[in-house]
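Written out below as C-alpha cells is the structure these notes cover.
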Amino acid sequence: MTLLQMKGITKRFGSLVANDGVSLSVNGGEIHAVMGENGAGKSTLMNILYGLLKPDAGEILIDGKAMDFSSPLGAIAAGVGMVHQTFRQFPNLTVWENLVFHNEPGNGPFVSADAARDFVRHLGKKHGLEIDPDSRVRDLAVGIRQRLEILKALSRQARILVLDEPTAVLTPQERDSLFAAMRHLAAQGMALVLVTHKIPEVVAVTDRITVMRDGRLSGTLITRETSEAEIIRAMIGRNVPPTVAPKMTPTAEPMLAVRNLSVRKGDIAVVDNVSFDVRPGEIVGIAGVSGNGQPQLISAVTGLEAATGEVVVAGRDVSGLSIAQRRSAGISYVPEDRHLTGTAPAASIAENIVFGRHRGAAASKRGFLRKEAIRAQARRLIEQFRVKAASEQVPVGSLSGGNMQKVVIAREIEHGAPLIVIEEPTRGVDVGAIEFIHKTLIAERDKGRAILVVSSDLTELLALSDRILVMFEGRINAGLTGSDMNENTIGTWMMGGVQGT
Amino acid sequence: KAEDVSYVLVTPSRIGVNKFLGLGKTGIEKAAEAQGVKARIFEGTDPSTRRQNVQAAIDMKAPIVAVMGFEFGDIVADLAPENPETKFVIVDTCIPEAPENVYCAVFREQEAAYLAGAEAALTSTSKTVGVIGALDIPFLHRYTDSFALGAKAARADVNVLPTSWIGGDNPFQDPVRAQTQAALQLSNGADRIYAVAAGSNGGVFKAVAEKEGAMAIGLDVNQCGDAPGAILDSTLKRVDVVLPATIDGILKGSAKPVVSFGLAEGGLQLLATADDVASSGCVIAGKPEVITQIKDMQAKIISGEIAIPDPMAQ
Amino acid sequence: MIDMLLSQVLDLMTPVLLAAMAGALCERAGVFNIALEGKMLVGAFVAVAASIVFGSPVLAVLAAVVCTAIFALPLALGGARFGGDPIVIGIGLNLLASGLTTYLLSALFGVTGTLVDPTVTALPRFGLVALAEIPVLGAILGGHSALVYLSWLLVVAIHVYLFRTRWGLRLRGIGEVPSAAAAMGANVSRYQTSVVVVAGGLCGLAGAVLALGSVALFAENMTAGRGWIAVVAVMLGRAHPFGIALACLGFGLADAVGLRLQGQGLPNQITDIAPYAITLLAMIGLGLRGAAKKMRNA
Amino acid sequence: MTAGSLDTKSRLAAILLSIAVAVVLGGCVVLSTGANPLSVYLEIVKGAFAGRGLAETLARCVPLVGMALAVAIALRAGLVNLGGDGQMLVGGLAAVLVALYLPVPGPARAALALIAAMGAGGLYAWIAAILQLGLAIPFLIASLLMSYIARGVTSYLVRYPLRDPATGMPETHRVLSSARLPNAILDLPISMGMVIMAVVAIAVIVNDRSGVNGFEWRITGLNPRFAQYSGTNLPRQTQRVAFLSGALAGLAGALLILGQQYRFTDGALLAPGYTWSGLMAAVLAMASPVATVVVSVFFAALQVGGFAMERTLGLPAVLTWVLQALIILCLAARPVLFRKRRT
Ligand SMILES: Nc1ncnc2c1ncn2[C@@H]1O[C@H](COP(=O)(O)OP(=O)(O)OP(=O)(O)O)[C@@H](O)[C@H]1O
Ligand SMILES: Nc1ncnc2c1ncn2[C@@H]1O[C@H](COP(=O)(O)OP(=O)(O)OP(=O)(O)O)[C@@H](O)[C@H]1O
Ligand SMILES: [Mg+2]
Ligand SMILES: [Mg+2]
C-alpha cells in the first residue's frame, strides 16, 4: 500500500524551476531511491516533503490524506524523518542534547539527562550505530556525526524516513550496517527514501528508483528489473563507461616523501610515526575507517596542522614552512569539506578560483587585481570543467555540490603544482561529474603529477589508485598494490588486519 | 524690528544636566525681557556643536551672545575678533588679550565654598566633614579645596575627608554612584557633606537623608527642598542676576571687560547669610548662632582680612 | 569595613547583574543585545514615573518590567524575527531611550535633569533575620532590597533554565545553529522573540533597582554606562550565568575598591579604570597560563 | 566582482524605503509635539546643506567617515573593532604631543603629528590583536577593555602633567597656528582634514575593490578557513588589519585635534560618539567601504541638520535624537520591509 505520495510538485527559485511537476510514491516497507545529477532537484523535493520549503504547486499525501506542512514540525508530526545532506547539528552541544532536542525525556520542564543518555545508548545498540552520548558534537569525526544524524531521524518514530546522501561520508562497514538498519526498518513497514549518487548502493539496497532530470521526473524503475547502465541513461541521457586506467608503478624520485610524521592531540598520537612516498606519475590512495587519522595526516602534509617529522616536497624539506610556502613549494590541495574549507561560498566563482594566486603576475599588477584576466581564466575553467553556472560572477555557494566540487578541483589543478593532495574527490557528486573528475585526475597523473587521494569510498580508491595505503589508529599498517587491491583485503586491514590474513 | 532681535545663550551641554546652566537660562531671559527682545538658548553637546551654535548666533546677528563655561574659551577667542559688532559675554572664564567686544564674568566660587566648609565644620557633631565632586577638573577644586580650607579655618580639630570624585561614564548625572560615595564618607565618620556634583547631587542627599544626624550642603541653587531636613544649606551662584546685570552694563556702555563676582558683589552667597534664610527650608535657618559666626567670617572675607587663594591659579 | 564594602558591592552590582542576565539570555538565543543600557534607562524612568503615579513600589517595578519589555519589541521583532541587524537596532534603541526619557521627563513632569518627588519611595530593605545573627555575613547579606536577593535567585534560575530544562536546551540550540533547530521542529523566531522580550523585562527590573533601589529618583542618562558593563560581563562570562555573576562581582568589587583607593590619594582617573584594567590583566594571566600549557603539550 | 549590481539596486531601494518610513514615523512624533513636520524636515535639510551647513556637515564627516571606515576595514576582514574610542584617544594624544613639543617647523609638526597619531592608534589596536592571537582574548573584548584604559590614562595625563593651567578644564596647551591643519584650501570651505579623509576613503575603496590586499581581507572575512587553506597567513593579516583599523581611528582623532579643536581636552573627542555612529554606519553598510562612506555622510548631515533645526525652530533638543533613532531603527529593520524577497 502507498504510504507516501507526492503529486505534481513544482518549486521555483526566481526564474529557475527546481522541481517541475514531480511525482513520487513510496510504499510502506519499501526502500525507494531518488537519483539524478547534481542540481536535478532531489534535495529540493525532499525539503518540500520535510516542510522546509513550500511548493508552488502540487500536493503531498500520507496514508492517502492530503498534508499541508508549513514547517518541519508538521512533517515530523505526520511521521516524516529526515537525514539531511548537510548536518543540522549543534556542534557545541553534546550528542544526547542533539538527539533529544525538541523531543526531550523528563518531568515537566526538566530534561532527564540520564533518560536521554540511556535512550542514545539503547537506540544506538538497536541500530548498530553507537555513539558516546556525552561527547561534544564538535569533537566528533564526520562519520560519527553522520551516524548521529541518522539516529536523530530514527529517534523520532518516523514512518517515512528520508536519507539525503547518507553514505557520502561512511566507511563500507558503516555503510553496510546502515543498510542493514534500513532493511530492518523497512521490514517493520516504514517507507524509506534514499537520495544518493552511488549506483551500487541503489542496486544493493533499494526496491524502486525514481530518477530526476533537470527538475523533472525522468522515470521510475524497479531495481530488480533494471541495470546500472539503464539507471545512468535515465539520469544523464547517455552511458558512462567505468573509469579503467592502467595502473602505474613509476620509479622516479618521490615527489612527496613523508618521514616519521606524527601529530599529537593531548597524549594521543592521532598520526603515529607515518612514512611513505608518492612518486610523479602515480596516484596513491589512503583508505581507513574514519577516525583513524587520515584528515590529520593530510593537514600535517599541507601545513594546516602542526606535526613532528619530515615532509619533503620535490626534494625540499617543507616541514617547518607555512601553508603558503608549501603551496609554492609544489603542493595543491583539495580539502574534504568544500563548504567549510574549500571555498568562500559567498564569493564569486572567479574570486574563489583566483584566490591564493591573486598575488601572481597573471592575476595582479602592482598590487591591483587584473579583474578581466581573472574573469577570463574563470570562464575558461568553467567551460573546461563543464561547471553548470550562470556566469563566473555568481557566488560559489549557489552552485550544486557537484559543480562546487568541480570549481575546487579546477582551481587546484590550475595551480600546476607537481603534487596534488585530494580528500574525498567526489563526495556528493553525480556519476557524470565523478567520471569527469576521475578522468581529469588520471590525465593529470599521466602528465607526470603525483597525486595523493584520501577517500572513504573504496570503489573510488580502487578505480583511481595505483597503490593503496591503509591507515589504522594513526599508523599505516598496509601498503597494497596489484591484486591485493580489492575490497576484502583493504577492508580487513582497515579493521586492524587481524582476521584472515 | 525688536521681535527679530534675540539674545542668545549658548550652553556647553544640555541644560538639564546642571542647575548652573538653568540659572544662565533664567538670566538671559531676564535680560531679554528687560529690552523687549527674544531670548534663544542653544544647547551644545560637544566641541563642534558648541562652535556651530556660537557661529549660528553670530550669523543671526544677535547683538548679545552669552556663553557659559570654560569650554567656550577657545571658541570665543577665535570668533570674537572676526565679529566686532557682536558682544560676547563669557561666564566663568576670561580669555587673554580679549578683544573689545568680549566681556567676562567670573566668580570666586572659593569664597562661598569656604563659608560652606566653615558652616559644615561648625555644625558637625562627629568633627568630620567631606566633599563630593563630580569630576576631577581644575575648576571644581575651587569648591572642594576651599571647602576644606574653610572647615579647617573654622575649627582646627575638624577632620576633612579626601575629596571623592564621582567619575565614571556620566559623572554629572550619576546619582547612584554619588550615593555610594556619600555612604562611604558617612561610614568614615563624616556627618556634613558638600555636594559639588550637579545632577548627581540627588544621590548625596538621599544618603544623608537616610542617616540620622547627617546633612548635605547643596550647590548653585537652593536645594534645601530636595530632601527636607537633611540639607543644611546651599551655596548660590547668582548667574541669573549677574548675567542680566552684565548685559545691561554692556548696553549702557558701563560694563568692564573683566568682572569678578564674589561674596562682596553678591555673585556668590551662602544661603545662611541671606535675608530670607528663614523661609529657605534649610536646616541652618534654625541655628542662628552659627549664622552669626558665618556672617562674621563673610565680613572678614569681604574686607580682605581672610584671603582665600584661588585653587585654580595654583 | 570589609562588610560594608561587600554589602555595597552587592547593591552596586545588582542592576548590572540583572541587565547582564538579560544579555546572557539574548546571547544564548543568538541575538546580540547591545541595547542593555537604553533598556535599563527606560526601566529606571518608568519605575520612577509609575512610582509617582501609583505610589506603590511594587506597581512601579511591575510597570518598569512591562514597559521595558514593550520597548524591547523592535529588537525582538526586527532583530530576532525578521533578520534585521541587532547591533544597529541596539544602538538605535539606546539613542531612542536617551532621547525619549529626556523628552518625556519634560513633557510629563516639566523638569529637566533630575526628577525627585517625595512620593517616590525606595524599595524596602530587608534584613534577613536568620543572617543578622552572624557577625560579618549578616552585615553583608542583610539589609538589601528584595530585588538584590531576587537577582541572585535569578542567576540560579537562569542557569537551571538554560542547562536543565527542555526550553533552555532548545534556546541554546537555537542560538547556536538556528537552521538546525528549525529542522528539528523548534519555532526559532518565536523563541528568540519571546526571549528578547523577557530580557527587556529583566532590563526593566535592572532599571527599577537602579532608580528605586536606593536613590529613589530619576536623572537623565543615570545608567551612566552600566548597561555597557553588562555587555562586557556577558562576553567575559561567555553567556554562562555563573561566569557572568562572577564577572559582575569582579566589576563591582573593583569599582568599590577603586572608590576607596581614591580616599588613599590615588587619582580618580586611575581608580576609574580599575575594573577594566583588572579584567584585562586577569584575562592576560589566564591567557598566559593557557599558552604555557599549550607549549608544554606541544 | 560578485554578481552584486542587481543586488545593490534592490538594497538601495530598501534603504530609500526605510528612510521614507522613518520620515513618516518621525513626522508623527513631531506632530505629537504640536510642531510642523514639514518645516522640521526642511530645516534639517537646510541646516545640513545650505550656507555654512554644508561646511559643517563636511567637517563632521571627517571623524565620522574615519571611525566608520576603521570599523569597516576590520569588519571586512572578520574583526570586530569596538576599541575605536581608545585608538582615537591615543592617536589624538600622540598628535597633540608632537604638535606641541616636537622642535621642528610648524607644517612638519602637523605632518609628523598625523603620522604619530596613526602609529599610536595602530599600535594600540595591534596590541589587542596580539592579545587575541597570543592569549586567545577575543579582539572585540580586548579592544573594548583597552578603550576604557586609554580613557583613564589620557584623562590623567591631560589633567596633571600635560595640563594648560590657564584654563579651567583638564586640557593640554593649544597647538600653535603653524602646526594646525588649514581650514580652508584655496579659500574654499574645504579643510585639509576633509582632503586627507577623502584620500583615505578613496584608498580604502580602491583597495577593497581592486587591491590584492583588500581582496585577501574580504575573502578572509567571508571564510577564514578558506583563506588559510589558500595560503593566507592569518595571524599576520589580523595584525595588519588591526593596525590599519586603529591607525584610521588614530588619524580621525588627530584630524579633530589639529583641524578643529587644537588641543586635547578630556572628553572632547568622545563626546559626539563618533565611534558608535561609525560602528553603526559600517554595520548598516555591511562593511562595504563605499556604502560605509555614504551612510556616514548621511549620519553627519542628519546630526548637523538636527542641531540647526533645533536652533531655528527652538524645538526640544531631544526630538532630534528621537528622529535619528527612528531613522536608524527603520534602516536596521529594512529586512522587515523587504522580507518577501527572502523566501
Ligand atoms: N534556495 C535556493 N535558491 C535558489 N536556487 C536554489 C535554492 N535551492 C536550490 N536551488 C537550485 O535548485 C536546483 C536544484 O537543487 P537541489 O539542491 O534540489 O539539487 P540536488 O538534486 O539535491 O543536487 P545535488 O545532487 O548536488 O545534491 C539547483 O539548480 C539549485 O541551484
Ligand atoms: N542563495 C542561494 N542561491 C542559489 N542557490 C542556493 C542558495 N542557497 C542554496 N542554494 C542551493 O541549495 C541547494 C541545496 O543545498 P545543499 O546543502 O543540499 O547542497 P548541495 O547542492 O546538495 O551540495 P552538497 O552536496 O555539497 O551538500 C544547493 O544545491 C544550492 O545550489
Ligand atoms: Mg542535494
Ligand atoms: Mg549534493
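To find a chain, count down the sequence lines: A is the first, B the second, and so on, and within it residues start at 1.
At distances below 3.5 Å, not a single donor-acceptor pair connects side-chain atoms of C:Arg164 with backbone N or O atoms of A:Pro109. Side-chain atoms of C:Arg172 never come within 3.5 Å of backbone atoms of A:Phe90 as a donor-acceptor pair (strictly under, hydrogens ignored). Looking at C:Arg166, its side chain does come within 3.5 Å of a backbone N or O of A:Glu104 through a donor-acceptor pair.
Comparing A:Asn103, A:Leu93, A:Leu52 by how many heavy-atom pairs each has under 4.5 Å with chain C, the most go to A:Leu93. Contacts with chain C were tallied for A:Gly74, A:Ala113, A:Pro72; A:Pro72 has the most, counting heavy-atom pairs under 4.5 Å. Interface check for chain A: of the options C:Ser179, C:Gly168, C:Ala180, the most heavy-atom pairs under 4.5 Å are formed by C:Ala180. Between chain C and the residues A:Gly51, A:Ala75, A:Gly108, the largest count of heavy-atom pairs under 4.5 Å involves A:Gly108.
Rounded to the nearest 0.5 Å, atoms CH2 (A:Trp96) and CG (C:Leu169) are 6.5 Å apart. The line from CD of C:Glu176 to CG of A:Asn98 is 8.0 Å long, rounded to the nearest 0.5 Å. Here the NE2-CH2 distance, from A:His102 to C:Trp167, works out to 11.5 Å after rounding to the nearest 0.5 Å. A distance of 13.0 Å separates CD of A:Glu97 from CZ of C:Arg170, quoted to the nearest 0.5 Å.
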(request) Would you check, one step at a time, whether the test side chain to side chain contact (heavy atoms under 4.5 Å, CB included) holds for A:Val111 with C:Phe163? (result) CA-CA 9 Å; A:Val111 181; C:Phe163 299 106; over 6 Å; no
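Of all heavy-atom pairs spanning C:Ala186 and A:Phe101, the tightest one is CB-CE2, 3.9 Å. Nearest heavy-atom pair across A:Pro91 and C:Val177 is CD-CG2, 3.8 Å.
Around CZ of A:Arg138, the count of heavy atoms belonging to other residues, nucleotides or ligands within 6.0 Å exceeds 12. Summarising the local packing, CZ of C:Arg190 is surrounded by 12 or fewer heavy atoms from other residues, nucleotides or ligands at distances under 6.0 Å.
The part of C:Ala182 that comes within reach of chain A is its backbone (N, CA, C, O), which places non-hydrogen atoms under 4.5 angstrom from that chain.
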